[in-house]
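Below: the structure, in C-alpha cells.
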Number of protein chains: 2
Amino acid sequence: MSQLLSLRDRKRAETWAALHLSASGTALDKGLECVTVDAVAADAGVSPRTFFNYFASKEDAVLGLQEPFVGESMLADFDVDGDLLASVSHLMHAVTRTIHGSADEDGNRCREVICRYPQLMHRRFQYIVKVEQLVTDAVAERLAQSSRWATAPAGYNVEDVAKMLVLVAGASLRFAIQKTTSHPTRESQSEALDQGMELMRNILKELL
Amino acid sequence: MSQLLSLRDRKRAETWAALHLSASGTALDKGLECVTVDAVAADAGVSPRTFFNYFASKEDAVLGLQEPFVGESMLADFDVDGDLLASVSHLMHAVTRTIHGSADEDGNRCREVICRYPQLMHRRFQYIVKVEQLVTDAVAERLAQSSRWATAPAGYNVEDVAKMLVLVAGASLRFAIQKTTSHPTRESQSEALDQGMELMRNILKELL
DNA sequence: TGTATTTTTGCAGTGACTGCAATAATGGTT
DNA sequence: AACCATTATTGCAGTCACTGCAAAAATACA
C-alpha cells in the first residue's frame, strides 16, 4: 500500500496535504487575513519558497485546488443517445471534483471557508472555466462520432453544440454549487445537481 | 453640455479615462507585463497612490471596469409574460455593458487585449458574477409580481426560479462572449447573443 | 558507492496594494 | 473676496504575494 508510491511521491503528497491543511485550518480558526505564505509554510515545516512548488497562489492552498482532468472512468457512462443533458452535467460534476485534491471529509471544511469568504469562489470559478474547456472538448469528440449530432444546425459546428451543452449543463451545476455553499447542509452535491436539473427542465418546458 | 458636470466630476472622468487609456494602450503596444501601476499613473499625470482611488486593481484599469448596476431603462422592455428567456438575456447583456465604463469605440481595443491575455477574462468573470446577482434580484422581483410565476414548483421559491433563469440565459450570453472574443469580428455582440439563444433553443427542443 | 535527477532552500528583487496623515483643490456661504 | 466644509491628491512607510537564480540537499538508479 505504502509501496505503491515512491518515497519521493509520498513525501510530495504529505507536504501538499500539510500545506493545504494548514492553510484551510488557519483560515477557519484565525481568519483568512491570517493566512500568509510564510505562516503556512512554517506551519507545514517547509520554506516559504517551497510553498510555490506546490500551489500557484495562497488561495489555491486554502481550497486545495489542483489541475482538473478528464478521467477514463468518468466517460464510461456517458451516453450520447440517452439523456444528454444529464450525461454532460454528471461529467462536469465528476471533472469538477478533480480540482479538489483533498479527501471527501475535507469537503465540508472547504465549503465552510468559501461560505465565509466568498472571494475564494472567484478563484474556484477560474478552475471551473478550465473544467468547461476540458469537458467541451471531450463532449465534442463524442458528438462527432454520433450519427444524430455529427451534423450541427446550419451556421454552427459540433464544437459550438458541445460548448452550448456544457454551458447549459453548467447552469445546473452552478445552481447546485451556489445552493450547497450558501446552505452547507449534509445533503450531497450530486443530489442538489439532480434537483437543479429537474428545476431547469420544469422551467424550460414552460418556456420553449 | 460641459456644465452638466461639475468641475470636480469632469476632472474625475478625465483622470479615469486617462488611466484606462494608458493602461489598455500600453498593454496593446508593449505587452501586459509592461503595464505597471507606476508607469500608468505617470503616463496619466497622477501619483501612483491616486491610481487606487480610481481602480481596485491594475486589471480593472486595463479593462476599464466599473461596478455594474441595473438601470431603470433596462427594465423598460422586460416582459414577464412574453419571451422570458430573451428578456432575461437581454437584461443581462445590458447590465454587463455597464461594467465597461469606456465608450463603444474602446470596445474593440478591450476585446483585443482580452484575446491576447485570456487571464484578464477571469477578472471580467468576477464582475459578471456580480451582474448575475443583480439581475437575479431584479428578475425575482418581477416574477413575484407575476401571476404565472409567483408560485414556484414544489420545493423551490421564486428566487430559485430567478437564479436558474439567469444561469440559463447567462449560458447564451457566455456563449456570445466567447464567440466574439475569440473571433473579434465586426458583428455586434447582441447579434451573437440572439444567435446563441437560437442555437440553445434548437438544442433544447431536441432534448426536452 | 558514485552519479544523475529532482526537490528544497536562501537570497535578492519587483511590484501590487494599504493605512495614515498632510496638503491641495473644489464647492458653497457670507 | 474671504472663509469654511468637503473631497481629492499625494508622499511615506510598510506588508505581502510572487519570481528567477543558483547553491545545497534529498532521492533514484546503476
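Just so it is clear, the structure is predicted and the values come from calculations on it, not from any experiment. Per chain, numbering begins at 1; letters A, B, ... match sequence-line order.
- For D/dA28, one of the phosphate oxygens OP1 or OP2 lies less than 4.0 angstrom from a side-chain nitrogen or oxygen of A/Ser6.
- Atom pair B/Lys58:NZ and C/dT18:C1' shows a separation of 18 Å (rounding to whole Å applied).
- Taking OH of B/Tyr54 as the reference point, atom OG1 of B/Thr15 lies at 4.0 Å (rounded to 0.5 Å).
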**OP:** Kindly determine whether A/Val139 and A/Lys163 satisfy side-chain contact (heavy atoms from CB on, under 4.5 Å), including the steps that lead there.
**Re:** CA-CA 8 Å; A/Val139 170; A/Lys163 199 175 291 242; over 6 Å; no

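- When rounded to the nearest whole Å, the span between CZ of A/Phe51 and P of C/dG10 equals 16 Å.
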Run the side-chain donor-acceptor check on residues 60-75 of chain A: report pairs under 3.5 Å with partners two or more places apart or on a different chain.
from, atom 1, to, atom 2, distance (Å)
A/Asp60, OD1, A/Ser57, OG, 3.1
A/Asp60, OD1, A/Arg123, NE, 2.5
A/Asp60, OD1, A/Arg123, NH2, 3.2
A/Asp60, OD2, A/Arg123, NH2, 3.0
A/Asp60, OD2, A/Tyr127, OH, 2.6
A/Glu67, OE2, A/Lys130, NZ, 2.8

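- Under the 4.5 Å side-chain criterion, counting only non-hydrogen atoms from C-beta, B/Met164 is not in contact with B/Tyr156.
- Atom CG of residue A/Leu173 and atom CD of residue A/Gln178 lie 10.0 Å apart, to the nearest 0.5 angstrom.
- Straight-line distance from the CG atom of A/Asp60 to the P atom of D/dA17: 13 Å, rounded to whole Å.
- Side-chain contact check for A/His20 versus A/Cys110: some heavy-atom pair is nearer than 4.5 Å.
- Rounded to an integer number of Å, the gap from A/Asp9 CG to D/dA26 C1' is 14 Å.
- Here B/Thr50 reaches the OP1 or OP2 of D/dT10: one of its side-chain N or O atoms lies under 4.0 Å away.
- You'll find that the side chain of A/Leu7 is closest to D/dA28, out of D/dA28, C/dA16, D/dC16.
- In this structure, of C/dG27, D/dA28, D/dC18, it is D/dC18 that holds the atom nearest to the side chain of A/Ser57.
- D/dT7 atom C1' lies 17 Å from atom CZ of B/Arg10, rounded to whole Å.
- Taking atom CG of B/Leu32 as the reference point, atom P of C/dA16 lies 10 Å away to the nearest angstrom.
- B/Leu165 places a side-chain heavy atom less than 4.5 Å from the side chain of A/Leu207.
- Between D/dT10 and B/Ser47, a contact under 4.0 Å exists linking OP1 or OP2 to a side-chain N or O.
- A close approach under 4.0 Å does not occur between any side-chain nitrogen or oxygen of A/Asn53 and OP1 or OP2 of C/dT7.
- A/Val35 comes within 4.0 angstrom of the backbone, heavy atoms only, and of no base.
- Residue B/Arg12 is the one, among B/Arg12 and B/Arg49, whose nearest nucleotide of DNA chain D lies closer to the 5' end (criterion: closest heavy atom).
- Along DNA chain C, the nucleotide nearest B/Lys11 and the nucleotide nearest B/Glu33 are compared for position; the residue whose nucleotide lies closer to the 5' end is B/Glu33.
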Between the protein and nucleotides 1-5 of chain C, which nitrogen or oxygen pairs are less than 3.5 angstrom apart?
from, atom 1, to, atom 2, distance (Å)
C/dT5, O2, A/Arg8, NH2, 3.4

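- Counting heavy-atom neighbours within 6.0 Å of B/Arg109 CZ, excluding the residue itself, gives a total above 12.
- Distance, A/Glu59 CD to D/dC18 P: 6 Å, rounded to whole Å.
- Rounded to whole angstrom, the span from the CZ atom of A/Phe52 across to the C1' atom of C/dT14 amounts to 13 Å.
- Contacts of A/Tyr54 with the nucleic acid, taken as non-hydrogen atoms under 4.0 Å apart, involve only primed sugar atoms and P, OP1 or OP2.
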